[in-house]
2 protein chains.
Amino acid sequence: MPAPLYLQIREILIARMATGTFRPGHPLPSEFALAAELNVSQGTVRKALDTLAADNLVIRRQGLGTFMPEATAERALFQYFRMTGADGESLIPVPISEDISTHPAPAHLASRLSVAENAPLIRIRRVRALRHAPATLEDIWIDPQILPMPANGAPLPNALYTHYQRAHNISIARAEDFVSATAAPAHVAQAISIPQDAPVLLVRRDAYDLTGRLVETRESYFHTDGIGYSVTLR
Amino acid sequence: MPAPLYLQIREILIARMATGTFRPGHPLPSEFALAAELNVSQGTVRKALDTLAADNLVIRRQGLGTFMPEATAERALFQYFRMTGADGESLIPVPISEDISTHPAPAHLASRLSVAENAPLIRIRRVRALRHAPATLEDIWIDPQILPMPANGAPLPNALYTHYQRAHNISIARAEDFVSATAAPAHVAQAISIPQDAPVLLVRRDAYDLTGRLVETRESYFHTDGIGYSVTLR
DNA sequence: TAGTGGTCTAGACCACGCA
DNA sequence: GCGTGGTCTAGACCACTAC
């Protein structure tokens, strides 16, 4: 049995976003235009667009159109940055330092990123502040085969997802977080000025693009003094 | 400007679930029956039901009907228990001990539960195992004015949300989690057999019913050895 | 004013679960 | 076979945005 029409339409639209037929920040064709082109009714296109909007893969604005989302810093913050104050107040991370280098893939990351053990991986290590104090160290690992990067030298844009989208037309569509508690390793403790072995949050994140491909994995350590990972369950 | 019809219908249906007109585990009237009764088209009822289904407030089953969800143990696990293994494997908590008592509301909880400081609150302290080892201690706080409980004595059902729904017709509709890392307090360390001050996850949860009222707040400590809090962001 | 998405309706047919 | 929700269509009108 074939998939329902509106899901077929959905996949077509996702493919067009993934391949660059539609461009981030730009409107998609109108519902009627898509319906005419794809030989379905406008209601079916609407249903496909509604499912995409529910997954934050498009943004609908009455009177304006349906837009492919742009990976702005604001969007990354709102959608993917989950750290807040104890009362839910939103926090803004401020970059302190950043270091790009290449390393052989550690065993526990190689399988996650589907590369051979010891294959070269790019590692971005950065320290950021929350509430004017250093609070997090992150290691971001990417496969240079998917996302080439200046291994040394050229500065990196503030929001990485913006870079992925602009330079490589890779849009982050979904992230899986795994949150645990651990004792701060020495390099983390030193970077964010806390005692070694102090309790810290460790957030492991796998980020996937529109085609479902894993494009980045990161390990973020957070000092959780009046700060925590917030999420709503329904 | 009035709210759209389908949102008005949505609120009516929520109210009927909250007041017991619809019963957990039972089907709602069919789309056509509701449409006829509420003087709207079947399509409008469908849209209202779709938004409810998206929030897990009803369950739709083709050929059977649309059901008000029952707060079963399985459902509580699947929907609200976020702890998994490092590879995402789901874990099942096994009760080890449970203790019900009454305490004056601590300051930091009184405001959250909207009761006076030192007003009597019921506290359920329980210890549970994951993978056959004690792994979590939880303190669950409720206002006896909302959810009366046998302060001492009578045993409690395994799944608390089941009890809320069966005995008081209160369905949990939404939960807000705030996850941080902390050093294990003495009573936690002792209960789950880890060294005092070992890093543990602390999950603070506020749970709301169908009317948006906060009915429970809990603080859960987890030993995160190969275990973590998992969530997908879109 | 023109064009977009948002709401609402009406009706047809399909897929599923059960008696 | 019957009743349920699921899909698909067609068309009308509203609300918002830009020009």
Side-chain angles (χ1 to χ4, degrees), chain A residues 1-14 16-17 21-70 72 74-75 234, chain B residues 1-14 16-17 21-70 72 74-75 234:
Chain A
M1 197 183 57
L5 265 183
Y6 74 90
L7 288 181
Q8 297 178 39
I9 305 297
R10 175 189 160 101
E11 292 310 314
I12 291 171
L13 298 177
I14 287 176
R16 291 189 183 179
M17 290 195 280
T21 306
F22 302 150
R23 306 187 64 76
H26 291 255
L28 275 57
S30 75
E31 296 179 354
F32 280 105
L34 287 169
E37 183 208 338
L38 300 168
N39 287 303
V40 296
S41 77
Q42 177 249 7
T44 299
V45 170
R46 167 178 294 277
K47 178 142 187 178
L49 290 172
D50 283 344
T51 70
L52 293 172
D55 288 338
N56 290 313
L57 298 181
V58 300
I59 297 167
R60 317 200 72 181
R61 289 201 274 163
Q62 192 175 13
L64 284 177
T66 300
F67 295 76
M68 178 169 170
E70 204 167 4
T72 59
E74 299 70 37
R75 193 174 171 74
R234 282 179 201 282
Chain B
M1 198 184 57
L5 264 183
Y6 75 91
L7 288 181
Q8 297 178 38
I9 305 296
R10 174 189 160 100
E11 292 309 312
I12 291 172
L13 298 178
I14 288 177
R16 290 188 184 182
M17 290 194 281
T21 306
F22 301 150
R23 306 190 66 76
H26 290 254
L28 274 58
S30 74
E31 296 179 353
F32 280 105
L34 287 169
E37 183 208 337
L38 300 168
N39 287 304
V40 296
S41 78
Q42 177 250 7
T44 299
V45 171
R46 167 179 295 277
K47 178 142 187 179
L49 290 172
D50 283 345
T51 70
L52 293 172
D55 289 339
N56 290 314
L57 298 181
V58 300
I59 298 168
R60 316 201 72 181
R61 288 200 275 163
Q62 192 175 16
L64 284 178
T66 300
F67 295 76
M68 178 170 171
E70 204 167 4
T72 59
E74 298 70 38
R75 192 174 172 75
R234 281 179 200 283

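This is a predicted model, so every value here is computed, not measured. Residue numbering restarts at 1 for every chain, and letters A, B, ... go by the order of the sequence lines.
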Residues in side-chain contact (heavy atoms from CB on, under 4.5 Å) contact with [X], at least two apart in sequence or another chain:
X       : result
A:Pro69 : A:Ile59, A:Arg75
A:Ser30 : A:Phe32, A:Ala33
A:Gln8  : A:Pro2, A:Ala3, A:Leu5

- prompt: When you measure from the side chain of A:Ser30, which nucleotide among C:dT4, C:dT7, D:dG6 comes out closest?
  reply: C:dT4
- request: Consider the side chain of B:Leu64, meaning its heavy atoms from C-beta on, and name the nucleotide among D:dG5, C:dG17, C:dG5 that approaches it most closely.
  value: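 Taking heavy atoms from C-beta onward, the closest nucleotide is C:dG17.
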Atom pair distance, as rounded to whole Å: [atom1] in [X] and [atom2] in [N]:
X       : N      : atom1 : atom2 : answer
A:Leu5  : C:dC13 : CG    : P     : 17 Å
B:Phe32 : D:dT4  : CZ    : C1'   : 10 Å
A:Glu31 : D:dC16 : CD    : C1'   : 14 Å

message: Applying salt bridge (Lys or Arg N to Asp or Glu O under 4.0 Å) as the test, list every pair that has at least one member in residues 40-49 of chain B; sequence neighbours left out.
response: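 Residue pairs passing salt bridge (Lys or Arg N to Asp or Glu O under 4.0 Å), neighbours aside: B:Glu31-B:Arg46.
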- prompt: Do any side-chain nitrogens or oxygens of B:Tyr6 fall under 4.0 Å of OP1 or OP2 in C:dC8?
  reply: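 The answer is no; no side-chain N or O of B:Tyr6 sits under 4.0 Å from OP1 or OP2.
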task: Return the residues of residues 33-62 of chain B meeting this criterion: a heavy atom under 4.0 Å from some atom of DNA chain D. Order them by number, or give none.
output: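 Output list: B:Arg46, B:Arg60, B:Arg61, B:Gln62.
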message: Would you say that A:Thr66 contacts A:Leu52 through its side chain, given a criterion of any heavy-atom pair below 4.5 Å between the two side chains?
response: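 No; the side chains remain at least 4.5 Å from each other.
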task: Kindly write out the residues that satisfy salt bridge (charged side-chain N to carboxylate O under 4.0 Å, His left out) with A:Glu37, not counting sequence neighbours, or none if the list is empty.
output: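 A:Glu37 satisfies salt bridge (charged side-chain N to carboxylate O under 4.0 Å, His left out) with A:Arg16 once adjacent residues are dropped.
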